[in-house]
Amino acid sequence: MYRTNNCGELTLKNVGNQVTLSGWVQKTRALGGMTFVDLRDRYGITQLVFNIESDAALCERANKLGREFVVQVKGQVAERTSKNLNIPTGEIEIIVGELNVLSESETPPFIIENETDGNEELRLKYRYLDIRRPKMRDTLITRAKINKAVREYLDDKSFIEIETPNLIKSTPEGARDFLVPSRLQHGSFYALPQSPQILKQLLMVAGMDRYYQIVRCFRDEDFRGDRQPEFTQVDCEMSFVHQDDIFETFGGMIKHVFKKVLNYELPELPRLRYDDAMRLYGSDKPDLRFDCKIVELNEVLPQSEFGVFNSAIANGGIVAGLNAKGCAAYSRKQTDELTEFVKASHRGLSGLVNIKFNEDGTVKSSIDKFFNETQLREIGQAFNAQKGDLLLLAADKTWKVRKSLGDLRLELAKRNNWIDANAWSVLWIVDFPLFEKDEESGNITFAHHPFCSPHPEDMQYFDTDPTKVRAQTYDMVMNGNEILSGSIRIHQKDTQERVFQRLGFDAEERDKRFGFMLNAFKYGAPPHGGCAFGLDRIVMLMTGGETIRDVIAYPKTAGGRDLMMDAPTPVDEKALKEVGISILGQ
Ligand code: ASP
């Protein structure tokens with residue numbers, strides 16, 4: 001028997017017991033004839049003691065143990081004289097009578113503790129060592145608890161877990177497909193699923209009624225932000241439902257997960273319309289842990305000669321701003337930094353106007369030349385500005401102003417610590433548009449995926465003004481992160497065909513790519529809808545991780561590499577030949 005107990009469970013209750021433990025040597029210290037070893041496993045740390053007086057040879061062997069050696073010890077549980085009340089096993093130690101080294105270890109490349117000297121690259125290369133750190137271990141354990149709570153909840157609501165294949169045909173979610181060459185049919189490729197979207201819809205046609213799957217999805221995207229080429233979704237679909245049924249079911253699910261895993265009662269999830277989210281927060285994933293809304297001024301702006309404001313409005317754009325509460329004392333340097341922030345190329349504003357409502361009651365602005373004090377106070381009223389407040393205003397195309405002020409709002413929150421780290425903001429965003437216009441090409445594309453049902457009352461705009469059509473699409477947003485997307489689906493063949501047509505697929509391409517789906521809709525498709533949670537992101541938020549790499553056992557780097565296995569790598573000529581591929585330029 002390798003062990004009678006684990007390293008996290010022995011306490012004063014066990015004093016006098018003969019036990020066997022196995023684990024890793026966390027550290028060894030020799031102190032005046034005694035050697036102490038911290039023995040670690042997944043469950044905790046237990047102190048071992050070797051006494052030179054009782055067994056000099058054994059103590060000598062203990063002194064030679066290196067960090068991360070795997071050992072087995074037999075001994076007796078004893079009460080410690082100097083106790084460590086910070087850990088459950090801190091009141092006892094094991095007086096060791098027998099020591100077996102099960103395997104030795106080279107000196108590890110970084111310190112295996114929460115505070116480590118290993119940078120992320122090194123930790124990814126030696127991920128199996130990184131996972132020995134309590135923080136990583138606890139994250140993976142919490143992740144498993146979240147999965148369990150999800151399964152419990154959905155099972156209780158009659159959902160059935162059904163596995164779908166990974167070698168399939170393209171399921172468009174707006175990213176590039178990963179392709180797998182076929183050995184048996186040279187020149188043909190499988191696509192890895194960007195999601196099981198079509199397959200789950202066909203399970204509804206198949207009458208399964210309620211499906212879910214904790215499933216890996218693959219998207220060959222450029223590494224914008226915090227993304228992974230493969231990631232996990234809790235993918236769900238239900239038949240005979242309206243949006244409200246979805247909100248109730250999956251709002252309930254996230255509340256259940258929070259209660260089970262964090263023992264936290266999330267309140268009922270509020271709903272915010274997409275248009276309002278964009279107008280008030282400049283984002284379709286607003287962080288509502290703090291207020292600071294965007295205020296549009298087109299209607300209330302006093303007349304002036306200020307060209308920047310006037311031309312923005314004349315060109316159909318907006319003048320809008322934020323009230324940075326309590327920031328009137330910002331220095332020139334600080335306001336300049338904020339101006340640079342909104343001028344960054346991906347935001348692209350040309351500047352930022354500031355109006356300070358000073359503590360001494362005076363008002364000072366960067367547009368004093370164009371607006372007198374009464375007018376500035378009038379603008380201030382739109383923000384309910386008080387003494388001590390700083391208004392930051394921008395003028396340009398509507399989407400640009402909204403995006404920049406949305407980002408600026410988050411930046412101000414960061415600089416001013418407006419966000420309570422223990423607060424949660426979880427809400428639904430509803431009424432997304434069905435289509436988006438590509439700014440460059442002017443082409444219409446789908447906003448979520450091509451299977452979302454339009455709002456029936458907006459069908460009047462479908463042919464004439466398609467970007468005006470709202471979809472029955474929704475997101476769940478947690479602390480400013482999108483953690484779920486979904487929609488009520490199209491279940492009529494003709495509507496689905498109209499959408500494909502609007503997206504520019506001709507009949508031939510449509511049938512080649514989606515004929516099987518349209519065909520299925522000929523045989524009685526129930527009204528249905530569903531959603532998918534981004535599990536990695538939820539785990540990240542619930543464990544306080546900074547990136548989703550922190551919550552995935554074996555993630556890829558930002559450049560898409562697996563540093564531990566060293567992938568991707570070239571394959572040999574023979575393997576390529578078998579799948580009928582030759583590499584360009586070779
Ligand atoms: N398949 C969608 C996605 O991956 C989710 C859904 O609409 O259910 O975002």
Mutual orientation of the aromatic rings belonging to F451 and H449 [parallel < 30°, tilted 30-60°, perpendicular > 60°]: tilted
Main-chain N/O of I429 paired to D475 side chain as donor or acceptor, under 3.5 Å: no
Pair Y211-E237, side-chain donor/acceptor within less than 3.5 Å: no
Parallel, tilted or perpendicular: ring planes of H528 versus F521, cut at 30 and 60 degrees: perpendicular
Parallel, tilted or perpendicular: rings of F432 and Y274 (30°, 60°): tilted
Ring centre gap for F446 and F435 strictly below 6.0 Å: no
Residues in side-chain hydrogen bond (donor to acceptor under 3.5 Å, both in side chains) contact with N100, at least two apart in sequence or another chain: Q72, E98
Exercise: identify the closest heavy-atom pair between L484 and G486: CD2-N, 4.2 Å
Ring-ring centroid check Y474 F247, cutoff 6.0 Å: yes
Steps toward side chain to side chain contact (heavy atoms under 4.5 Å, CB included) verdict (M278, D275): CA-CA 5 Å; M278 297 307 285; D275 282 348; 5.8 Å; no
Distance flag, aromatic centroids of F218 and F231, threshold under 6.0 Å: no
Residues forming a side-chain hydrogen bond (donor to acceptor under 3.5 Å, both in side chains) with D38, sequence neighbours excluded: none
Whether H256 and Y153 hold their rings parallel, tilted or perpendicular, with breakpoints at 30° and 60°: tilted
